[in-house]
Amino acid sequence: MPEMPEVETVKRGLNAQVKGRKIMHVEIRYQNLITGDVEQFIEFVTGSTITDVGRRAKFLLIHLDNGYTIISHLRMEGRYRVSADPAAIDKHSHAIFTLDNGQKMIYNDVRKFGRMQLWPTDDLQNNKSIQKLGPEPLSSEFTFKNLKPRIMRHRKDIKTVLLDQSVMSGLGNIYVDEVLWKVKIHPETPANHLTDENIQAIIEASNEEMKMGIESGGSTVRSYVDATGHTGHMQDRLKVYGKEGTPCPRCGTEIKKIKVGGRGTHFCPYCQVVQ
DNA sequence: GTCATTGTTGCAGG
DNA sequence: CCCTGCAACAATGA
């Protein structure tokens, strides 16, 4: 399931494969994929050239030369493939962009949870989804000064707060569990109980996990593949996510799985203490 | 048929 | 009005 490192991996793959290409034809097979008017989406995208592919948190930003950007969120299982092979298109291919070199950029999504939206490039900061995003790891805004007040004003459990994209953005369920294990904080700790040291540790661990995720090419916990079809290997580096019943790599205690804020949550009941 | 899975949104209730 | 918790949503597989 794509989180920030996976989206970054897709971004890099698409830049290598479709940057500078003109979009000759657009086919939308699943109408709900598009937020807004589908006909207008097709009309505006057809004939434009992809100038660059960017990213903000988990949003992929496909910039076009006509002043518009396709904001694409992969949700659980959205993927992009670039291929000239007709076999790359199947019943889960919901958007097909035919490029000027004969290749097709195919958006594939088994669960149909992902969404695309067209938005003026110079107005992205005012887009409803982008606007409220908090600082993301590895950015200049991801500082103790910025994060402390955002985290401390909540009394709900820290796991839920870290998942809230308006507090800080980019971390999803997998990496939040990994970060909290790394800093030895129990996922149900009230956010406003954290110490300065805790927050600093969360910031550092988040940067480290995102960096490692990107270097590993993302994780393939369910079905993730990058734009070239290659699988990442971040899943091999996970310490607690999906590891319930196995020994904690640090102390040997059995990893437990509970529900926090309605989400499956993996942690070590010995290492990770409630603050 | 039921449940779990995801990120996001919207709403009920305190 | 603010905050929190929770249901709903999309589709699928166990």
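Just so we're on the same page: letters track the sequence lines, and every chain starts at 1.
Scanning all heavy atoms of the two residues, the minimum distance from A:Gly213 to A:Tyr175 falls at CA-OH, 3.8 Å.
Sorted by first then second residue, the side-chain hydrogen bond (donor to acceptor under 3.5 Å, both in side chains) pairs that include residues 40-50 of chain A, not counting sequence neighbours, number zero.
A:Thr51 has its side chain out of reach of A:Lys19: every pair of non-hydrogen atoms, C-beta onward, lies at least 4.5 Å apart. When side chains are defined from C-beta on, A:Ile258 counts as touching A:Val260, because their heavy atoms get closer than 4.5 Å.
A donor-acceptor contact shorter than 3.5 Å links the side chain of A:Asn198 to the backbone of A:Thr195. Side chain of A:His25 to backbone of A:Ile23: no donor-acceptor contact under 3.5 angstrom is found. Although no hydrogens or angles enter the test, the distance criterion places no donor-acceptor pair under 3.5 Å between the side chain of A:Asn108 and the main chain of A:Arg79. The closest donor-acceptor contact from the side chain of A:Arg115 to the backbone of A:Arg75 lies at 3.5 Å or more, if one exists at all.
Taking the charged nitrogens against the carboxylate oxygens, A:Asp177 and A:Lys239 have no contact shorter than 4.0 Å, which rules out a salt bridge. Using a cutoff of 4.0 Å between basic side-chain nitrogens and carboxylate oxygens, A:Glu208 and A:Lys182 are scored as salt-bridged.
Inspection of the A:Lys156 and A:Asn192 side chains reveals no N or O donor paired with an N or O acceptor under 3.5 Å. Donor-acceptor pairing under 3.5 Å is recorded for the side chains of A:Tyr80 and A:Ser72. Side-chain atoms of A:Lys132 and A:Ser166 form no donor-acceptor pair, as typed in the model, at a separation below 3.5 Å.
B:dT8 atom C1' lies 11 Å from atom CG of A:Leu133, rounded to whole Å. Atom-to-atom, CG of A:Asp109 to P of B:dT6 comes out at 15 Å; the value is rounded to the nearest Å. Distance A:Lys159 NZ to C:dG5 P: 14 Å, rounded to the nearest Å. Distance NE2 (A:His266) to C1' (B:dT6): 13 Å, rounded to an integer number of Å. Atom CD in A:Gln165 sits about 5 Å away from atom P in B:dT8, given to the nearest Å. In this structure, the CZ atom of A:Arg79 is 15 Å from the C1' atom of B:dT6, given to the nearest Å.
The phosphate of B:dT9 has OP1 or OP2 within less than 4.0 Å of a side-chain N or O from A:Ser129. Residue A:Tyr241 has a polar side-chain atom (N or O) positioned under 4.0 Å from OP1 or OP2 of B:dT6.
The aromatic rings of A:Phe59 and A:His73 stand perpendicular to each other, their planes meeting at an angle above 60°, with 30° marking the opposite boundary.
Among the heavy atoms of the strands, none lies under 4.0 Å from A:Gly261.
The side chain of A:His73 sits closest to B:dG7 out of B:dG7, B:dG10, B:dT5.
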Can you name the atoms? Protein N/O to nucleotides 9-14 of chain C N/O, anything below 3.5 Å, with the distance.
| unit_1 | atom_1 | unit_2 | atom_2 | d |
| --- | --- | --- | --- | --- |
| C:dA11 | O4' | A:Arg111 | O | 3.0 |
| C:dA11 | O3' | A:Val110 | O | 3.3 |
| C:dA11 | N3 | A:Arg111 | NH1 | 3.0 |
| C:dT12 | O4' | A:Arg111 | NH1 | 3.3 |
| C:dT12 | O2 | A:Arg111 | NH1 | 3.0 |

Would you tabulate the nitrogen or oxygen pairs shorter than 3.5 Å linking the protein to nucleotides 11-14 of chain B?
none

With 3.5 Å as the limit, what N/O pairs link the protein to nucleotides 1-3 of chain C?
none

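Distance CD1/A:Ile106 to CZ/A:Phe97: 11.0 Å, rounded to 0.5 Å.
Atom OH of A:Tyr270 has 12 or fewer heavy atoms from other residues, nucleotides or ligands within 6.0 Å.
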Would you sketch DNA chain B in dot-bracket for me? Only Watson-Crick or G-U wobble pairs with both distances under 3.5 Å count, crossing pairs as [ ], other-strand pairs as |, the rest as dots.
.|||||||||||||

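Contacts between residues 53-63 of chain A and DNA chain C, defined by a heavy-atom separation under 4.0 Å, are absent.
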